[in-house]
> 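My questions will all concern the structure given below.
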Amino acid sequence: MIKKLLIANRGEIALRIHRACREMGIATVAVHSTADSEAMHVRLADESVCIGPPAAAKSYLNIPAIVTACEITGADAVHPGYGFLSENANFAEILAAHKITFVGPRKEHIQTMGDKIAAKQAMIAAGIPVVPGSPGAVNDSDAAQIAAKIGFPVLCKAAAGGGGRGMKVAMEPGQLAEALATARNEAKAAFGDDAMYLEKYLAHPRHIEIQIMADSHGNVVHLGERDCSLQRRHQKVLEESPSPALDDSARRDIGRIVTKAMAKIGYLGAGTIEFLYENGKFYFIEMNTRLQVEHPVTEMVTGIDLVREQILVASGLPLSFKQQDIVMRGHAIECRINAEHPRTFVPSPGAIRNFHVPGGLGVRVDSAAYAGYRIPPFYDSMIGKLIVHGRDRRECIMRLARALDEFVIDGIETTLDLHRALLKEPEFIKGEYDIHWLESHLAKG
Ligand code: ADP
């Protein structure tokens, strides 16, 4: 069993991992940049090591510094959280060479799923339905012919894509060359890799993803779905479980398909299979080989601590539950709270003057912020998540509105007001929204 775990991350997720370790009797090591020496994860961890200057490339992405921190502190495992090094197969391999346990899947799965073209091919081979598209990477000369075959509109996507970047839609043939070039440039700049593929652009899908967990004892289970259709610029804003669009039989069917595929490829640990869902059909888009930002909605409806299970699996132990033990109870919704202007979305770093979090039955706040904390300008603008559970969706929405009203964050701009307004929208209340709804709603003002 892991005895001392180094948390290779920052912010709310570093704290989230620390909490699971504490409850398991595992000592924690925080790492931080010079900009984060006052951060909550650093204050709460048993030990902390400064690994570099503010720029993530020199600290949170600095593999030699993190391995050295493990050696200095005697940490026998690393949890990468999400983002940063969480989907870096090279990092997993280096840790293995140093006999340090990586709390994550096997490196070959990180590698395959990190290349979205290879991921789609692997999923087709494992029996998962995918979005129709090019069979592999496209070049500028064959793109038009392949796009015509797929049928317009088509989406140009980066094989290395993530965070909604490197993605451009072409509504008709005349727009293809430009969309491809723009997406290619964006991918080159963001990922240093400009391999592109084409996909049918679905007009009104929902984004529905399935949480899975697998251990090294042959257990592969799914923990239901999360509906992440409320997005801005292809980035999730609010997530819920269960999806208002699925019934029990659709949930069971997709769960079976996914667990069978994961057993077939020999997956280990936590993973999320992302689908677009339109007219009753699922189409795979990508797989994330890590814990996700929105994992708490699944925890709220299943009562299972996903980080704890990740640590058990990484220690070579079996999952603490079987498929038949999982019962989805009630409804959960998560709001991502960003330090951004609620209408312009311009980042708003700076000092938090006053910070009061809501409480009460079914209310969970995952945040590393506190009154007096100064949000550094170097990292992602998400500063916390409010997750609420209710016996049904209606109760959950009422409770969420109440909790949002209690939340006070003074001194910076936040997206709290955006969430307060969203909850009043009739389409949201009815659960009738697709991946485009939020942007078109925001455009109306
Ligand atoms: P990333 O890895 O950058 O997050 P994804 O492939 O997961 O990229 O897609 C992010 C979002 O982009 C999806 O949730 C969806 O809103 C939109 N999207 C992706 N593929 C398609 C598609 N084929 N048709 C319509 N929308 C899509």
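Note that the coordinates shown come from a computational prediction; the quantities given were computed from them, not determined experimentally. Order of appearance sets the numbers: ligands from 1, and atoms from 1 within every ligand.
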> Which residue supplies the protein heavy atom nearest to atom 22 (C) of ligand 1, what is that atom called, and how far is it?
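Of every protein heavy atom, L276 CD1, 3.4 Å lies nearest to atom 22 (C) of ligand 1.
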> Specify whether Y433 and W437 have parallel, tilted or perpendicular ring planes, treating 30° as the upper limit for parallel and 60° as the lower limit for perpendicular.
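If you compare the ring of Y433 with that of W437, the planes turn out tilted.
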> What atoms in ligand 1 come closer than 4.0 Å to a heavy atom of G164?
1 (P), 3 (O), 4 (O)
> With heavy-atom distances below 4.0 Å as the criterion, list the atoms of ligand 1 near Q231.
11 (C), 13 (C), 14 (O), 15 (C), 16 (O)
> Which option out of V131, I435, L155 puts a heavy atom nearest to atom 21 (C) of ligand 1?
L155
> Looking at ligand 1, would Q235 count as a contact under a 4.0 Å heavy-atom criterion?
no
> H331 pairs by side-chain hydrogen bond (donor to acceptor under 3.5 Å, both in side chains) with which of E395, E240, R394, R399?
E240
> Would you indicate which of H234, K116, H207 comes nearest to atom 5 (P) of ligand 1 when only heavy atoms are counted?
K116
> Do Y277 and S229 pair up side chain to side chain, a donor and an acceptor below 3.5 Å, judged on atom types alone?
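Distance-only check fails for Y277 and S229.
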> Does an N or O anywhere in G163 fall below 3.5 Å from an N or O of ligand 1?
yes
> Establish, for the pair R106 and Y267, whether the NZ or CZ atom is under 6.0 angstrom from the six-membered ring centre and no further than 45 degrees off its axis.
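No; the conditions do not both hold, so R106 does not lie above the ring face of Y267.
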> What is the closest protein heavy atom to atom 7 (O) of ligand 1, and at what distance does it sit?
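Checked against all protein heavy atoms, atom 7 (O) of ligand 1 sits closest to E286 OE2, 2.7 Å.
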> Would the number of heavy atoms belonging to other residues, nucleotides or ligands and lying under 6.0 Å from CD of E172 be above 12?
yes
> List every atom of ligand 1 that sits less than 4.0 Å from any heavy atom of E274, numbering the atoms from 1 in the order shown and giving each element.
7 (O)
> Salt bridge between R402 and D405, side-chain N to carboxylate O under 4.0 Å?
no
> Using the salt bridge (Lys or Arg N to Asp or Glu O under 4.0 Å) rule, pick out the option among R19, R226, R16 that qualifies with E299.
R16
> Within 45 degrees of the ring normal and closer than 6.0 Å to the centroid, is that where the cationic atom of R393 sits relative to F428?
yes
> Among protein heavy atoms, which lies nearest atom 24 (N) of ligand 1, and at what distance?
L202 N, 3.0 Å
> Write out the residue and atom name of the closest protein heavy atom to atom 9 (O) of ligand 1, then the distance separating them to 0.1 Å.
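Looking at atom 9 (O) of ligand 1, the protein heavy atom closest to it is M167 CE, 3.6 Å.
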> Identify, for atom 20 (N) of ligand 1, the protein heavy atom at the shortest distance, and state residue, atom and that distance.
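Going atom by atom, the protein heavy atom closest to atom 20 (N) of ligand 1 ends up being K157 NZ, 2.9 Å.
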